[in-house]
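What follows is a single structure, written as C-alpha coordinates, with notes after it.
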Amino acid sequence: MRDDQYLRLQALSEKLTDVFLDEADSDKWPGAGAALQSMDKATRGDRYWSKKNAAATVMLIGRVENLVGSIQGDSNKGHGAAAVSDADSELDQEIASAEKEAAKLLDKVGAGARKAAFDKRAIGNGKT
(Lines give C-alpha, C1' and ligand atoms only; values in the text may rest on other atoms or scores of the structure.)
Protein backbone atom coordinates (compact mmCIF):
# COMPACT_ATOMS: atom_id res chain seq x y z
CA MET A 1 0.00 0.00 0.00
CA ARG A 2 1.18 3.47 -0.76
CA ASP A 3 1.98 5.85 2.07
CA ASP A 4 -0.69 8.33 0.96
CA GLN A 5 -3.35 5.60 1.10
CA TYR A 6 -2.28 4.58 4.57
CA LEU A 7 -2.41 8.18 5.78
CA ARG A 8 -5.86 8.62 4.23
CA LEU A 9 -7.07 5.51 6.06
CA GLN A 10 -5.82 6.85 9.37
CA ALA A 11 -7.47 10.23 8.72
CA LEU A 12 -10.70 8.48 7.76
CA SER A 13 -10.62 6.50 10.99
CA GLU A 14 -10.20 9.65 13.05
CA LYS A 15 -12.97 11.44 11.17
CA LEU A 16 -15.36 8.49 11.59
CA THR A 17 -14.53 8.29 15.29
CA ASP A 18 -15.54 11.94 15.70
CA VAL A 19 -18.81 11.20 13.89
CA PHE A 20 -19.42 8.14 16.05
CA LEU A 21 -18.83 10.03 19.28
CA ASP A 22 -21.43 12.56 18.20
CA GLU A 23 -23.93 9.92 17.00
CA ALA A 24 -23.56 7.75 20.11
CA ASP A 25 -24.41 10.62 22.49
CA SER A 26 -27.81 9.42 23.69
CA ASP A 27 -28.61 12.87 25.07
CA LYS A 28 -28.92 14.03 21.46
CA TRP A 29 -31.25 11.22 20.37
CA PRO A 30 -34.95 11.88 19.85
CA GLY A 31 -36.92 11.39 23.06
CA ALA A 32 -33.86 11.82 25.29
CA GLY A 33 -34.89 11.72 28.94
CA ALA A 34 -38.44 10.58 28.18
CA ALA A 35 -39.81 7.23 29.28
CA LEU A 36 -40.20 4.76 26.42
CA GLN A 37 -43.93 4.32 27.03
CA SER A 38 -44.49 8.08 26.75
CA MET A 39 -42.89 8.33 23.28
CA ASP A 40 -44.98 8.32 20.14
CA LYS A 41 -44.24 5.91 17.30
CA ALA A 42 -42.27 8.46 15.25
CA THR A 43 -40.02 9.37 18.18
CA ARG A 44 -39.33 5.71 18.96
CA GLY A 45 -38.51 5.10 15.29
CA ASP A 46 -36.20 8.10 15.10
CA ARG A 47 -34.49 6.98 18.32
CA TYR A 48 -34.04 3.46 16.92
CA TRP A 49 -32.60 4.91 13.70
CA SER A 50 -30.14 6.99 15.72
CA LYS A 51 -28.93 3.87 17.54
CA LYS A 52 -28.64 1.92 14.28
CA ASN A 53 -26.70 4.71 12.63
CA ALA A 54 -24.21 4.89 15.52
CA ALA A 55 -23.81 1.10 15.42
CA ALA A 56 -23.14 1.19 11.65
CA THR A 57 -20.53 3.89 12.12
CA VAL A 58 -18.68 1.93 14.79
CA MET A 59 -18.75 -1.16 12.55
CA LEU A 60 -17.19 0.86 9.74
CA ILE A 61 -14.53 2.17 12.13
CA GLY A 62 -13.78 -1.44 13.05
CA ARG A 63 -13.31 -2.39 9.40
CA VAL A 64 -11.01 0.56 8.75
CA GLU A 65 -9.03 -0.13 11.93
CA ASN A 66 -8.72 -3.80 10.93
CA LEU A 67 -7.25 -2.73 7.63
CA VAL A 68 -4.87 -0.27 9.31
CA GLY A 69 -3.84 -2.97 11.82
CA SER A 70 -3.22 -5.44 9.02
CA ILE A 71 -1.03 -2.91 7.24
CA GLN A 72 0.90 -2.17 10.44
CA GLY A 73 1.37 -5.90 11.06
CA ASP A 74 2.68 -6.41 7.53
CA SER A 75 5.03 -3.46 7.96
CA ASN A 76 6.41 -4.95 11.16
CA LYS A 77 7.08 -8.22 9.32
CA GLY A 78 9.02 -6.42 6.58
CA HIS A 79 6.18 -6.45 4.07
CA GLY A 80 5.55 -2.71 4.33
CA ALA A 81 4.74 -0.08 1.78
CA ALA A 82 8.02 -0.59 -0.04
CA ALA A 83 7.01 -4.16 -0.88
CA VAL A 84 3.62 -3.19 -2.34
CA SER A 85 3.31 -1.91 -5.87
CA ASP A 86 0.94 0.74 -7.20
CA ALA A 87 -0.95 -2.04 -8.96
CA ASP A 88 -2.45 -3.28 -5.68
CA SER A 89 -6.00 -2.63 -6.89
CA GLU A 90 -7.68 -4.83 -4.28
CA LEU A 91 -6.61 -2.54 -1.45
CA ASP A 92 -7.49 0.51 -3.54
CA GLN A 93 -10.98 -0.90 -4.04
CA GLU A 94 -11.37 -1.62 -0.33
CA ILE A 95 -10.28 1.91 0.53
CA ALA A 96 -12.65 3.37 -2.04
CA SER A 97 -15.45 1.23 -0.65
CA ALA A 98 -14.71 2.34 2.92
CA GLU A 99 -14.61 5.97 1.82
CA LYS A 100 -17.96 5.61 0.02
CA GLU A 101 -19.50 3.99 3.08
CA ALA A 102 -18.11 6.76 5.28
CA ALA A 103 -19.47 9.40 2.91
CA LYS A 104 -22.92 7.77 3.06
CA LEU A 105 -22.85 7.79 6.85
CA LEU A 106 -21.68 11.40 6.94
CA ASP A 107 -24.48 12.29 4.52
CA LYS A 108 -27.01 10.55 6.80
CA VAL A 109 -25.77 12.61 9.72
CA GLY A 110 -26.13 15.75 7.65
CA ALA A 111 -29.57 14.66 6.44
CA GLY A 112 -30.81 14.53 10.02
CA ALA A 113 -29.62 18.06 10.63
CA ARG A 114 -31.09 19.25 7.33
CA LYS A 115 -34.42 17.58 8.18
CA ALA A 116 -34.49 19.24 11.58
CA ALA A 117 -33.76 22.62 10.00
CA PHE A 118 -36.46 22.06 7.36
CA ASP A 119 -38.99 20.98 9.99
CA LYS A 120 -38.23 24.08 12.00
CA ARG A 121 -38.73 26.28 8.92
CA ALA A 122 -41.87 24.44 7.83
CA ILE A 123 -43.54 24.07 11.22
CA GLY A 124 -42.08 27.10 12.91
CA ASN A 125 -41.38 27.45 16.58
CA GLY A 126 -44.87 26.45 17.69
CA LYS A 127 -46.10 30.05 18.18
CA THR A 128 -48.99 31.25 16.14
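Keep in mind that the numbers below use all heavy atoms, side chains included, and drop hydrogens, waters and symmetry copies.
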| remark: So NZ of Lys51 and OG of Ser26: to nearest 0.5 Å the spacing works out to 9.0 Å
| task | For Val58 and Glu23, run side chain to side chain contact (heavy atoms under 4.5 Å, CB included): C-alpha distance rounded to whole Å, both residues' side-chain angles, the deciding distance at 0.1 Å, then the answer. | result | CA-CA 10 Å; Val58 81; Glu23 289 176 347; over 6 Å; no
| message | Once rounded to the nearest 0.5 Å, what's the spacing between atom OG1 of Thr57 and atom CG of Leu106? | response | 8.0 Å
| message | Testing the basics here: between Ala32 and Asp27, what is the closest heavy-atom pair and its distance to 0.1 Å? | response | CB-O, 3.4 Å
| Pairwise distance CZ(Phe20) to CG(Asn53) - rounded to 0.5 angstrom | 11.0 Å
| task | Take Ile71 and Leu9 through the side chain to side chain contact (heavy atoms under 4.5 Å, CB included) test and state the conclusion after the steps. | result | CA-CA 10 Å; Ile71 294 164; Leu9 272 177; 3.8 Å; yes
| message | Once rounded to the nearest 0.5 Å, what's the spacing between atom CD of Glu65 and atom CD of Gln72? | response | 8.0 Å
| query | Side chains of Thr43 and Asp46: donor-acceptor distance under 3.5 Å anywhere? | reply | no
| Looking at CG of Leu67 and CD1 of Ile95, how far apart are the two atoms once the value is rounded to the nearest 0.5 Å? | 6.0 Å
| query | Would you call Glu101 and Arg63 a salt bridge, taking side-chain N to carboxylate O under 4.0 Å as the test? | reply | yes
| task | Could you grab the distance from atom CG of Leu105 to atom CG of Leu60, nearest 0.5 Å is fine? | result | 6.0 Å
| field | Smallest separation among heavy atoms of Lys108 and Trp49, with atom names | value | O-CH2, 3.9 Å
| query | Cluster question for you: counting only ILVMFWY and a side-chain heavy-atom cut-off of under 4.5 Å, with indirect links fine, are Met39 and Trp29 together? | reply | no
| said: Between Ser70 and Asn66 (side chain of the first, backbone of the second, donor and acceptor by atom type, cut-off under 3.5 Å), is there such a pair? | reply: no
| query | Any side-chain heavy atom of Ile61 sitting closer than 4.5 Å to one from Val19? | reply | no
| request: Before accepting this row, confirm whether a basic side-chain N of the pair Arg8/Glu99 lies closer than 4.0 Å to the acidic partner's carboxylate O. | output: yes
| note | Nearest heavy-atom approach of Ala98 to Val64 is CB-CG2, 4.1 Å
